[in-house]
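Residue numbering restarts at 1 for every chain, and letters A, B, ... go by the order of the sequence lines.
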Protein chains: 2
Amino acid sequence: MKAYQVDNLTFQIDFSQPLYEQVLMQMRSLIAKGAIGLGEKIPSVRDMAHDLKINPNTVMHAYQELERDGLIEKRRGQGTFVTQSGSRIQQFRNHFAADYTQNYLDKMHALGFNLREINDYIKTQQSGGLSQ
Amino acid sequence: MKAYQVDNLTFQIDFSQPLYEQVLMQMRSLIAKGAIGLGEKIPSVRDMAHDLKINPNTVMHAYQELERDGLIEKRRGQGTFVTQSGSRIQQFRNHFAADYTQNYLDKMHALGFNLREINDYIKTQQSGGLSQ
DNA sequence: TTTAGTGTACTATATGATATAATACACTTG
DNA sequence: CAAGTGTATTATATCATATAGTACACTAAA
């Protein structure tokens, strides 16, 4: 279990999933939530790799995905920065929210839940919190 | 794109995901939805492998997972059968539904959506997407 | 101009998951 | 015994993931 800290924000990685994917998802989350501001510099590939004790190539992999997402911009020699475009981030949020939601609904349908049952289910999960 | 038919039910597999996982999910779905009845015989490993044009070991892999799920029982020399226990299937449905739901809510939270926004989002997806 | 800090590119290597192939064995039923 | 089951084993191949090491390109600041 390794931890990384961006300003006053921290995230952890483990061995349950691909490392680059965990870095990717955590950074996506921090940027989408606005925890890292527009145009703000994010850690260099080498720095984050050093702090997480993983290979720079692995961080690079994550950063390349973030660039494809349109969430960051890389400037050779300067560093990597969150996009200036707030609308691009909103677009990203909506795209993935739609994707996650459709995916979730498909899986629930596969288990034989209809729409009303899914709505009920979410309510119980929300109030109850974690698993049961 | 290969198709398999169980009685009057069909499913397809492609190359976008591991083959054994697709067989697993499709069979889980058919059993959880009750499309295959309690105690009913499911295709032999060799038969399904032949029809889907994949290796018997791959089907075996899926069937072993289904057995761990408690959804099927294998009888050496006879074949493989859906469990007799309806409550076991309900338990499975609830377990996975809770898992999927928690997972979904976590991802949406990571994007910065709160509970009310998630509920609104699902409503828009429902009206636009599949029907029950 | 030099140096330090960036991103980038490439080669090599290792491991695990996935998938196939081929064969043999164990058990049940007719 | 024969046919149809599930099971087990060994071998091979491919791909994703991850690491290691090295070198290059660019920028800003000393």
Side-chain angles (χ1 to χ4, degrees), chain A residues 1-2 4 6 11-28 31 36 39-84, chain B residues 1-2 4 6 11-28 31 36 39-84:
Chain A
M1 202 76 93
K2 307 161 180 178
Y4 190 73
V6 183
F11 66 78
Q12 310 224 325
I13 60 175
D14 54 38
F15 296 100
S16 65
Q17 287 178 323
L19 302 178
Y20 86 92
E21 207 168 298
Q22 294 182 62
V23 174
L24 173 62
M25 296 305 280
Q26 297 273 15
M27 291 302 293
R28 273 180 174 167
I31 296 172
I36 310 179
E40 202 170 313
K41 189 173 189 295
I42 67 175
S44 79
V45 171
R46 285 178 178 85
D47 273 1
M48 183 173 288
H50 175 264
D51 291 355
L52 289 174
K53 296 180 176 45
I54 62 179
N55 196 281
N57 296 337
T58 304
V59 177
M60 259 275 278
H61 192 168
Y63 277 22
Q64 281 169 342
E65 283 291 322
L66 289 170
E67 192 173 35
R68 265 180 234 123
D69 290 336
L71 294 181
I72 64 171
E73 291 165 9
K74 293 182 277 188
R75 301 180 206 144
R76 208 188 188 93
Q78 296 182 55
T80 306
F81 304 81
V82 173
T83 179
Q84 297 281 358
Chain B
M1 202 75 93
K2 306 161 181 178
Y4 190 72
V6 183
F11 66 78
Q12 310 224 325
I13 61 175
D14 54 38
F15 296 100
S16 63
Q17 286 175 325
L19 301 177
Y20 86 92
E21 206 168 299
Q22 294 182 64
V23 174
L24 172 62
M25 297 305 280
Q26 297 273 16
M27 291 303 293
R28 274 179 174 167
I31 296 172
I36 310 179
E40 201 169 313
K41 190 174 189 293
I42 66 174
S44 79
V45 169
R46 286 178 177 84
D47 273 1
M48 184 175 287
H50 176 263
D51 291 354
L52 289 174
K53 296 180 176 47
I54 62 180
N55 195 281
N57 297 338
T58 305
V59 177
M60 260 275 278
H61 192 168
Y63 278 21
Q64 281 169 342
E65 283 291 322
L66 290 171
E67 193 173 36
R68 264 179 236 124
D69 290 338
L71 294 181
I72 64 172
E73 292 165 9
K74 293 182 279 190
R75 301 181 205 143
R76 209 188 187 93
Q78 297 183 53
T80 306
F81 304 81
V82 172
T83 178
Q84 296 281 0

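The two atoms that bring Pro43(A) and Met48(A) nearest to each other are CG-CE, 3.9 Å, heavy atoms only. Gln22(B) and Gln12(B) get closest at one heavy-atom pair: OE1-O, 4.3 Å. The two atoms that bring Ala49(A) and Asn55(A) nearest to each other are CB-C, 3.9 Å, heavy atoms only. Taking every heavy atom of both residues into account, Ala62(B) and Tyr20(B) meet most closely at CB-O, 3.5 Å. In plain terms, the two heavy atoms of Met27(A) and Phe11(A) that are nearest each other are SD-CE2, 4.0 Å. Pairing each heavy atom of Glu73(A) with each of Gln84(A), the nearest pair is OE2-N, 4.4 Å.
Distance CD (Glu21(B)) to C1' (dA17(C)): 11 Å, rounded to an integer number of Å. Rounded to an integer number of Å, the gap from CG of Leu19(A) to C1' of dG16(C) is 13 Å. Remark: P of dT19(D) and NE2 of His50(A) are 14 Å apart, rounded to the nearest angstrom. Taking atom CE on Met48(B) and atom C1' on dT5(D), their separation rounds to 15 Å, with Å as the unit. For Tyr20(A) and dT19(D), the OH to P distance is 13 Å, given to the nearest whole Å. For Phe81(A) and dA28(D), the CZ to P distance is 9 Å, given to the nearest whole Å. As a whole-Å value, the separation of Gln17(A) CD from dG16(C) P is 18 Å.
With contacts defined as side-chain heavy-atom distances shorter than 4.5 Å, the pair Val23(A)/Thr58(A) does not qualify. In this structure the side chain of Leu71(A) never reaches within 4.5 angstrom of the side chain of Val82(A), judged on heavy atoms. Looking only at side-chain heavy atoms (C-beta outward), His61(B) and Asn57(B) stay at 4.5 Å or farther from each other. For the pair Ile13(B) and Ile54(B), the minimum side-chain heavy-atom distance is below 4.5 Å. In this structure, the side chains of Leu24(A) and Asp69(A) come closer than 4.5 Å at one or more pairs of heavy atoms.
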All N/O contacts under 3.5 Å from nucleotides 21-23 of chain C to the protein, with atom names and distances to one decimal?
from: dA21(C); atom 1: N7; to: Asn55(B); atom 2: ND2; distance (Å): 3.4
from: dA21(C); atom 1: N6; to: Asn57(B); atom 2: ND2; distance (Å): 2.9

Dump every N/O contact between nucleotides 25-27 of chain D and the protein below 3.5 Å, one line per pair.
from: dA25(D); atom 1: O4'; to: Arg76(A); atom 2: NH2; distance (Å): 3.1

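In this model, the phosphate group of dT20(C) is approached by a side-chain N or O of Thr58(B) to a distance below 4.0 Å at OP1 or OP2. Phosphate contact (OP1/OP2 of dT5(D), side-chain N/O of Thr80(B), threshold under 4.0 Å): absent. Contact annotation: Ser44(A) side-chain N/O to dT6(C) OP1/OP2 distance is under 4.0 Å.
Along DNA chain D, the nucleotide closest to Gln22(A) and the one closest to Gly79(B) are compared, and the more 5′ of them pairs with Gly79(B).
Near DNA chain D, meaning a heavy atom under 4.0 Å away, there are no residues from residues 59-74 of chain A.
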